[in-house]
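Beneath this line is the structure, given in C-alpha coordinates, with notes to follow.
One-based numbering along the sequence shown. Values below: all heavy atoms of this structure, side chains included; hydrogens, waters and symmetry mates excluded. A quick note: this is a predicted structure, and the numbers were derived from the prediction, not measured.
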Amino acid sequence: MTGAQPVIRPAVPADAEQVAAIFAHYVATSVATFEEVPPTAADWRRRLADLTGRNLPFLVAEAEGTTCGFGYASPWRPKPAYRHTVEDTVYIAPGHTGLGLGSALLGGLLAGCAQAGARQVIAVIADTGSDASAALHRRFGFTEAGRLSRVGRKHGRWIDTVLMQRELGTGR
(Lines give C-alpha, C1' and ligand atoms only; values in the text may rest on other atoms or scores of the structure.)
Protein backbone atom coordinates (compact mmCIF):
# COMPACT_ATOMS: atom_id res chain seq x y z
CA MET A 1 0.00 0.00 0.00
CA THR A 2 1.38 3.34 -0.95
CA GLY A 3 -0.50 5.60 1.39
CA ALA A 4 -4.11 5.22 0.38
CA GLN A 5 -6.24 4.64 3.45
CA PRO A 6 -7.91 1.25 3.26
CA VAL A 7 -11.68 1.12 3.24
CA ILE A 8 -13.50 -1.53 5.24
CA ARG A 9 -16.70 -2.47 3.43
CA PRO A 10 -19.12 -5.36 3.03
CA ALA A 11 -17.84 -8.00 0.64
CA VAL A 12 -19.56 -8.49 -2.70
CA PRO A 13 -19.38 -11.50 -5.04
CA ALA A 14 -16.76 -9.74 -7.20
CA ASP A 15 -14.35 -9.89 -4.21
CA ALA A 16 -14.30 -13.69 -4.24
CA GLU A 17 -11.25 -14.07 -6.50
CA GLN A 18 -9.03 -11.88 -4.30
CA VAL A 19 -10.41 -13.40 -1.09
CA ALA A 20 -9.64 -16.87 -2.50
CA ALA A 21 -6.08 -15.80 -3.37
CA ILE A 22 -5.41 -14.38 0.11
CA PHE A 23 -6.74 -17.50 1.81
CA ALA A 24 -4.92 -19.86 -0.58
CA HIS A 25 -1.63 -18.37 0.59
CA TYR A 26 -2.40 -19.35 4.19
CA VAL A 27 -3.65 -22.81 3.20
CA ALA A 28 -0.41 -23.53 1.33
CA THR A 29 2.15 -21.88 3.60
CA SER A 30 0.89 -21.95 7.18
CA VAL A 31 -1.04 -23.74 9.88
CA ALA A 32 -3.20 -20.67 10.58
CA THR A 33 -6.03 -22.56 8.87
CA PHE A 34 -6.64 -26.29 9.05
CA GLU A 35 -7.87 -26.28 5.44
CA GLU A 36 -5.59 -28.31 3.20
CA VAL A 37 -7.24 -27.50 -0.13
CA PRO A 38 -7.96 -23.84 -0.82
CA PRO A 39 -11.63 -23.03 -1.42
CA THR A 40 -12.32 -21.72 -4.92
CA ALA A 41 -13.76 -18.32 -5.72
CA ALA A 42 -17.09 -20.09 -6.32
CA ASP A 43 -16.85 -21.58 -2.81
CA TRP A 44 -16.26 -18.09 -1.42
CA ARG A 45 -19.23 -16.68 -3.31
CA ARG A 46 -21.41 -19.42 -1.79
CA ARG A 47 -20.04 -18.68 1.70
CA LEU A 48 -20.69 -14.96 1.22
CA ALA A 49 -24.28 -15.66 0.11
CA ASP A 50 -24.87 -17.98 3.07
CA LEU A 51 -23.47 -15.57 5.66
CA THR A 52 -25.19 -12.48 4.30
CA GLY A 53 -28.39 -14.52 4.11
CA ARG A 54 -27.98 -15.08 7.86
CA ASN A 55 -27.38 -11.33 8.36
CA LEU A 56 -23.78 -12.03 9.46
CA PRO A 57 -20.96 -9.69 8.42
CA PHE A 58 -18.45 -10.53 5.69
CA LEU A 59 -16.07 -7.59 5.24
CA VAL A 60 -13.09 -6.75 3.07
CA ALA A 61 -10.30 -4.23 3.48
CA GLU A 62 -9.64 -2.54 0.17
CA ALA A 63 -6.92 -0.10 -0.87
CA GLU A 64 -6.29 1.20 -4.36
CA GLY A 65 -8.75 -1.29 -5.84
CA THR A 66 -7.10 -4.29 -4.22
CA THR A 67 -8.56 -6.45 -1.50
CA CYS A 68 -5.84 -6.63 1.14
CA GLY A 69 -7.74 -8.50 3.84
CA PHE A 70 -11.06 -9.99 4.75
CA GLY A 71 -13.03 -11.12 7.76
CA TYR A 72 -16.36 -12.71 8.46
CA ALA A 73 -18.50 -14.14 11.22
CA SER A 74 -20.06 -17.57 10.88
CA PRO A 75 -22.28 -19.69 13.09
CA TRP A 76 -20.28 -21.29 15.92
CA ARG A 77 -22.12 -24.62 15.77
CA PRO A 78 -25.16 -25.84 13.80
CA LYS A 79 -27.29 -26.80 16.81
CA PRO A 80 -30.12 -24.31 17.43
CA ALA A 81 -29.17 -23.38 20.99
CA TYR A 82 -25.91 -21.90 19.65
CA ARG A 83 -27.76 -19.44 17.38
CA HIS A 84 -26.53 -16.40 19.32
CA THR A 85 -22.86 -17.44 19.17
CA VAL A 86 -20.60 -16.82 16.19
CA GLU A 87 -16.97 -17.46 15.26
CA ASP A 88 -14.84 -14.73 13.74
CA THR A 89 -12.28 -15.17 10.98
CA VAL A 90 -9.76 -12.55 9.81
CA TYR A 91 -7.00 -12.91 7.19
CA ILE A 92 -4.66 -10.23 5.86
CA ALA A 93 -2.90 -10.45 2.51
CA PRO A 94 0.85 -11.05 2.61
CA GLY A 95 2.66 -7.73 2.49
CA HIS A 96 -0.22 -5.95 4.26
CA THR A 97 0.17 -7.30 7.79
CA GLY A 98 1.09 -4.97 10.64
CA LEU A 99 -0.78 -2.01 9.12
CA GLY A 100 -3.85 -2.10 11.35
CA LEU A 101 -6.07 -3.92 8.87
CA GLY A 102 -6.76 -6.77 11.31
CA SER A 103 -7.96 -4.27 13.91
CA ALA A 104 -10.14 -2.46 11.39
CA LEU A 105 -11.70 -5.70 10.19
CA LEU A 106 -12.22 -7.18 13.66
CA GLY A 107 -13.76 -3.95 14.92
CA GLY A 108 -16.15 -3.94 11.98
CA LEU A 109 -17.00 -7.59 12.50
CA LEU A 110 -17.81 -7.08 16.17
CA ALA A 111 -20.14 -4.19 15.32
CA GLY A 112 -21.81 -6.27 12.62
CA CYS A 113 -22.18 -9.25 14.96
CA ALA A 114 -23.83 -7.06 17.58
CA GLN A 115 -26.22 -5.67 14.95
CA ALA A 116 -27.04 -9.25 13.90
CA GLY A 117 -27.99 -10.10 17.49
CA ALA A 118 -24.97 -12.25 18.36
CA ARG A 119 -24.25 -12.47 22.06
CA GLN A 120 -20.91 -14.30 22.06
CA VAL A 121 -18.03 -14.26 19.60
CA ILE A 122 -15.54 -17.12 19.60
CA ALA A 123 -12.06 -17.03 18.04
CA VAL A 124 -10.43 -20.37 17.26
CA ILE A 125 -6.75 -19.57 16.85
CA ALA A 126 -4.22 -22.12 15.66
CA ASP A 127 -1.11 -22.05 17.81
CA THR A 128 1.29 -21.09 15.03
CA GLY A 129 4.04 -19.92 17.33
CA SER A 130 3.07 -16.28 16.75
CA ASP A 131 1.00 -14.30 19.25
CA ALA A 132 -0.30 -11.82 16.65
CA SER A 133 -3.84 -13.17 16.33
CA ALA A 134 -4.31 -13.73 20.06
CA ALA A 135 -2.91 -10.25 20.78
CA LEU A 136 -5.33 -8.72 18.27
CA HIS A 137 -8.24 -10.44 19.96
CA ARG A 138 -7.06 -9.44 23.46
CA ARG A 139 -7.00 -5.79 22.32
CA PHE A 140 -10.70 -6.17 21.53
CA GLY A 141 -11.59 -7.64 24.92
CA PHE A 142 -11.41 -11.35 24.12
CA THR A 143 -10.22 -13.63 26.90
CA GLU A 144 -8.80 -17.12 26.64
CA ALA A 145 -11.50 -19.72 27.17
CA GLY A 146 -9.40 -22.83 26.65
CA ARG A 147 -6.88 -24.79 24.65
CA LEU A 148 -7.40 -27.89 22.58
CA SER A 149 -4.12 -29.80 22.41
CA ARG A 150 -2.85 -31.47 19.26
CA VAL A 151 -6.23 -31.38 17.51
CA GLY A 152 -4.93 -30.60 14.02
CA ARG A 153 -2.18 -32.08 11.90
CA LYS A 154 -0.82 -30.13 8.98
CA HIS A 155 2.57 -29.76 7.30
CA GLY A 156 3.88 -32.69 9.32
CA ARG A 157 3.16 -31.33 12.77
CA TRP A 158 0.49 -31.42 15.45
CA ILE A 159 -1.18 -28.11 16.20
CA ASP A 160 -3.07 -26.83 19.24
CA THR A 161 -5.91 -24.36 19.02
CA VAL A 162 -6.60 -21.61 21.51
CA LEU A 163 -10.21 -20.66 22.10
CA MET A 164 -10.91 -17.02 22.90
CA GLN A 165 -14.28 -15.49 23.68
CA ARG A 166 -15.90 -12.09 23.91
CA GLU A 167 -19.37 -11.26 25.13
CA LEU A 168 -21.21 -8.67 23.05
CA GLY A 169 -24.31 -8.22 25.09
CA THR A 170 -26.67 -9.80 27.53
CA GLY A 171 -30.28 -10.66 27.49
CA ARG A 172 -32.69 -12.68 25.43
Flag the pair [X] / [Y] as yes when at least one side-chain heavy-atom distance between them is below 4.5 Å, and no otherwise.
X    : Y    : value
Q120 : H84  : no
L101 : P6   : yes
R119 : T85  : no
F140 : H137 : no
R9   : D15  : yes
D131 : R138 : yes
T33  : Y91  : yes
Q165 : V121 : no

Over all atoms of both residues, closest heavy-atom pair of [X] and [Y]:
X    : Y    : value
R150 : W158 : NH2-CD1, 3.0 Å
L59  : G108 : CD1-C, 3.5 Å
C113 : P57  : N-CG, 3.9 Å
R45  : E17  : NH1-OE2, 4.1 Å
L56  : P75  : CD1-CD, 3.8 Å
S30  : Y26  : OG-O, 2.9 Å

State the [atom1]-[atom2] distance between [X] and [Y], to the nearest 0.5 angstrom.
X    : Y    : atom1 : atom2 : result
L110 : L168 : CG    : CG    : 6.0 Å
D160 : T128 : CG    : OG1   : 11.0 Å
T67  : I92  : OG1   : CD1   : 11.0 Å
F58  : W44  : CZ    : CH2   : 5.0 Å
T29  : H155 : OG1   : NE2   : 6.5 Å
F142 : L136 : CZ    : CG    : 8.5 Å

List, by chain and then residue number, the residues other than V31 in its hydrophobic cluster (Ile/Leu/Val/Met/Phe/Trp/Tyr, side-chain heavy atoms under 4.5 Å); write none if there are no others.
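Members besides V31, by chain and number: F34, W76, Y82, I122, V124, L148, V151, I159, L163.
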Does this structure show an ion pair linking D127 with R157, if we count only N-O contacts that are shorter than 4.0 Å?
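Looking at D127 and R157, the cut-off is not met.
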Is any side-chain N of the basic residue among D43 and R46 closer than 4.0 Å to the acidic one's carboxylate O?
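Salt bridge between D43 and R46, a charged N being under 4.0 Å from a carboxylate O: yes.
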For P80, is there any backbone N or O sitting under 3.5 Å from a side-chain donor or acceptor partner on R83?
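Such a contact is found between R83 side chain and P80 backbone.
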